[in-house]
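In what follows, a structure is listed as structure tokens, so that the remarks can point back to it.
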Amino acid sequence: MSTPGRVLVTGGTDGIGLELVRLLSARGAEVVGTGRRDGPDLPKTRWVRADQSHPERAAAVVREACADGIDCAILCAGTGTVAADGVEGADAIRRTLRVNLTASVLVAHALAPLLLDRGGTLALIGSVARRGMGALPAYAASKAGLHGFARALGEEWRGRATVVALHPGPTRTGMQGKAGMEVGGAARLFVPAPLMARTLLARVDAAHGTLRPATLTVAHAAALRRGAAERLGLAR
Amino acid sequence: MRRALVTGASAGLGLALVRALLTDGWHVTGVDRDPVADGLSANYDHRPCDLSDPAAVDALCAALPPALDLAVMCAGISATGRFETIPAEAHARVLAVNAEAPLVLADALIARGALSGLVLVASLSVDVGYPGAASYAASKEAVVAYARSLRAARKSPRVMAVLPGPIRTAHAARHAPDGASDRARMDPDDLARRILRAVRSGRLTLRPGVAATLAGAAGRLAPGATARAMRRALFEKLDRDVW
């Protein structure tokens with residue numbers, strides 16, 4: 001178990017990804033953040049423009065940006081649209097699958113030699129929606145896909161690199177709004193993004209260097225427990 | 001006359017389903033990039049389509065036969081071997097054919113409103129894991145989650161996910177380790193009959209056969225151990241990449 005020094009975060013310009021970038025930068029990691037725009041100026045953080053709706057191109061850009069080596073890749077980029085009665089339309093389905101799943105698979109593929117070379121960690125941010133979600137069928141499918149992928153790849157890479165599948169519960173980010181979802185008062189029950197990011201990163205740290213697959217669902221309760229522990233000065 | 005759509009109609013499980021449906025008196029529209037065998041009944045109509053091509057899928061959606069009662073998404077490809085040495089394009093293609101195409105097609109059919117039954121053929125890999133076929137594993141898990149999501153969203157069509165273990169087809173033989181026996185693989189005609197029976201009885205998730213039921217249960221109870229066992233049984237025996 002160790003702390004990765006050079007970390008890639010896809011989808012680093014917003015939501016959980018941005019909070020992960022902030023955390024990593026604050027503790028001195030060299031960070032490469034990707035997104036469709038640049039993120040904020042942060043110490044030892046570089047921003048790279050990559051649009052995951054074009055998976056092959058995004059993977060090539062990421063590969064080049066990480067050419068000097070990477071210890072850990074956290075694939076956090078994601079999108080979704082709300083379906084009316086389960087129907088979304090071809091464009092929305094393709095976009096969600098390509099951004100969330102295909103691009104993540106191809107980014108993992110592009111970074112594989114670098115991660116395998118130094119026993120790095122690939123962390124895939126899925127979602128509890130992977131069990132199925134009526135309002136977001138393609139989103140659920142894409143997140144389930146990430147889980148199936150992580151489970152298979154983690155075994156392939158056992159002893160060579162670490163693959164972690166992390167599935168957050170509902171988190172307070174801009175995603176629901178962008179997806180066209182009206183959350184309303186329920187947002188108060190969602191986990192704040194910084195707390196979710198701290199919880200996820202703690203799990204990545206715990207897994208890093210173990211060279212074994214790991215899966216974790218960070219449901220509401222787990223993150224809140226962490227939040228409470230932090231307030232009491234208990235969390236490491 | 002009841003009307004069905006079957007993708008992957010030219011071979012393997014898809015062809016077995018086409019035959020079983022025709023025998024049962026259905027009219028079947030089959031979709032496949034390959035031509036279909038001769039000698040199928042006059043109630044069969046073939047639509048050539050490369051499901052890895054989004055433009056072709058869109059054209060198919062625009063020209064779907066009216067009044068379909070049942071759609072079976074059976075078309076599937078794989079890429080087996082070491083994830084990092086299989087070409088990226090092969091992985092993208094697996095996701096396009098196995099996940100993107102059936103979701104786009106199903107969505108189009110559901111939007112039209114006439115469909116009463118939808119069958120999505122996934123894989124037992126969703127329960128047991130599939131090291132050695134990481135993009136395939138991803139695609140099948142996606143399909144099962146989509147099925148669950150549709151069921152949560154609406155009552156009609158009735159959506160069934162099928163999670164078969166290995167089937168005795170040319171596809172399975174291609175992607176299996178060298179020298180693997182096909183004795184334990186399910187006969188595609190047998191599987192087709194089981195699927196149609198399950199459709200009639202309104203099953204939601206079909207793990208066909210005792211072996212699949214047991215393996216599926218083991219996979220859900222002990223996912224880590226099962227995936228590790230699959231690594232030994234499959235991944236470590238693959239001696240080359242096949243896509």
Side-chain angles (χ1 to χ4, degrees), chain A residues 55-56 59-60 83-94 96-98 100-106 108-113 115-116 129-158 161 163 212-215, chain B residues 54 57-58 61 81-89 91-92 94-96 99-100 103-108 110-111 123 125-126 128-154 159 223-224 226-232 234-235:
Chain A
E56 283 89 356
D85 290 330
V87 172
E88 286 175 78
D91 287 345
I93 291 173
R94 285 191 174 119
T96 297
L97 287 177
R98 286 176 191 182
N100 298 2
L101 181 56
T102 310
S104 297
V105 170
L106 295 190
H109 189 269
L111 296 178
L115 293 170
L116 290 166
R130 70 183 177 94
R131 303 275 185 197
M133 196 166 159
L136 297 160
Y139 178 82
S142 72
K143 294 303 188 172
L146 286 177
H147 181 74
F149 174 63
R151 194 170 167 213
L153 189 65
E155 278 303 329
E156 288 190 35
W157 285 2
R158 181 182 281 275
V163 181
R212 282 193 315 261
T215 299
Chain B
V57 173
D58 287 340
C61 286
R82 287 179 167 227
F83 171 71
E84 64 272 14
T85 54
I86 292 166
E89 311 79 64
H91 292 306
V94 167
L95 293 171
E100 190 177 292
L103 266 56
V104 167
L105 275 168
D107 185 87
I110 292 168
S123 166
S125 71
V126 171
V128 303
Y130 202 164
S135 48
Y136 177 94
S139 72
K140 294 304 188 175
E141 191 115 16
V143 163
V144 171
Y146 184 71
R148 290 199 184 118
S149 302
L150 285 180
R151 282 201 287 270
R154 52 191 301 141
V159 183
T226 310
R228 212 152 47 236
M230 286 296 285
R231 186 200 148 98
R232 283 191 301 271
L234 262 175
F235 177 61

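First the proteins, then the strands, lettered A, B, ... as listed; each starts at 1. Keep in mind that what you see is a predicted model, and the values were worked out from it rather than measured.
- Contacts of B:Ala96 with chain A are absent, with no heavy-atom separation under 4.5 Å from either backbone or side chain.
- When each of A:Gly145, A:Pro55, A:Gly132 is scored by its heavy-atom pairs under 4.5 Å with chain B, the top score falls to A:Gly145.
- Minimum interatomic distance between B:Pro54 and A:Arg98 (heavy atoms only, all atoms of both residues): CG-NH2, 3.5 Å.
- Taking B:Ile86, B:Val128, B:Leu105 one by one and counting their heavy-atom pairs under 4.5 Å with chain A, the maximum is reached by B:Val128.
- Between chain A and the residues B:Ala152, B:Ala138, B:Ala145, the largest count of heavy-atom pairs under 4.5 Å involves B:Ala138.
- Checked against B:Glu100 for a side-chain contact (heavy atoms from CB on, under 4.5 Å), the options A:Leu97, A:Leu101, A:Thr96 give a single hit: A:Leu97.
- Taking each heavy atom of A:Ala90 and B:Asp107 in turn, the nearest pair found is N-OD2, 4.2 Å.
- Most heavy-atom pairs under 4.5 Å with chain B: of the set A:Glu56, A:Arg131, A:Arg130, this distinction falls to A:Arg131.
- In terms of heavy atoms, A:Ala152 sits closest to B:Tyr130 at CB-O, 3.4 Å.
- Residue with the most contacts toward chain A among B:Ser125, B:Pro131, B:Cys61, B:Gly224: B:Pro131 (heavy-atom pairs, distance under 4.5 Å).
- In terms of heavy atoms, B:Glu84 sits closest to A:Ala112 at CB-CB, 3.6 Å.
- When every heavy atom of B:Tyr146 is checked against every heavy atom of A:Ala138, the shortest pair comes out as CD1-N, 4.4 Å.
- Proximity to chain A (any heavy atom under 4.5 Å) is shown, for B:Ala88, by both the backbone and the side chain.
- Between chain A and the residues B:Gly132, B:Ser135, B:Ala106, the largest count of heavy-atom pairs under 4.5 Å involves B:Gly132.
- Comparing A:Ala59, A:Gly148, A:Ala150, A:Ala214 by how many heavy-atom pairs each has under 4.5 Å with chain B, the most go to A:Gly148.
- Note that the NE2 atom of B:His91 and the OG1 atom of A:Thr102 stand 12.0 Å from one another [nearest 0.5 Å].
- Side chain of A:His109 to backbone of B:Glu89: no donor-acceptor contact under 3.5 angstrom is found.
- Judged as a ring pair (Phe, Tyr, Trp, His ring centres under 6.0 Å), and not counting sequence neighbours, B:Phe235 has no contacts.
- Atom CZ of B:Phe83 and atom CH2 of A:Trp157 lie 6.0 Å apart (nearest 0.5 Å).
- Of the two parts of B:Arg151, neither the backbone nor the side chain holds a non-hydrogen atom closer than 4.5 Å to a non-hydrogen atom of chain A.
- A:Arg158 is listed as a side-chain neighbour of B:Arg231, based on a closest heavy-atom distance under 4.5 Å.
- Across every non-hydrogen atom of B:Ser149 and A:Met133, the tightest pair is OG-N, 2.8 Å.
- Taking 4.5 Å as the limit, some side-chain heavy atom of A:Arg94 sits within range of a side-chain heavy atom of B:Asp58.
- Among the candidates A:Ala144, A:Ala84, A:Ala108, the residue making the largest number of heavy-atom pairs closer than 4.5 Å to chain B is A:Ala144.
- By the 4.5 Å heavy-atom criterion applied to side chains, A:Glu88 and B:Leu103 are not counted as neighbours.
- Proximity to chain B is absent for every atom of A:Leu146, based on heavy atoms less than 4.5 angstrom apart.
- Not one N or O on the side chain of B:Arg148 forms a donor-acceptor pair closer than 3.5 Å with the backbone of A:Ala140.
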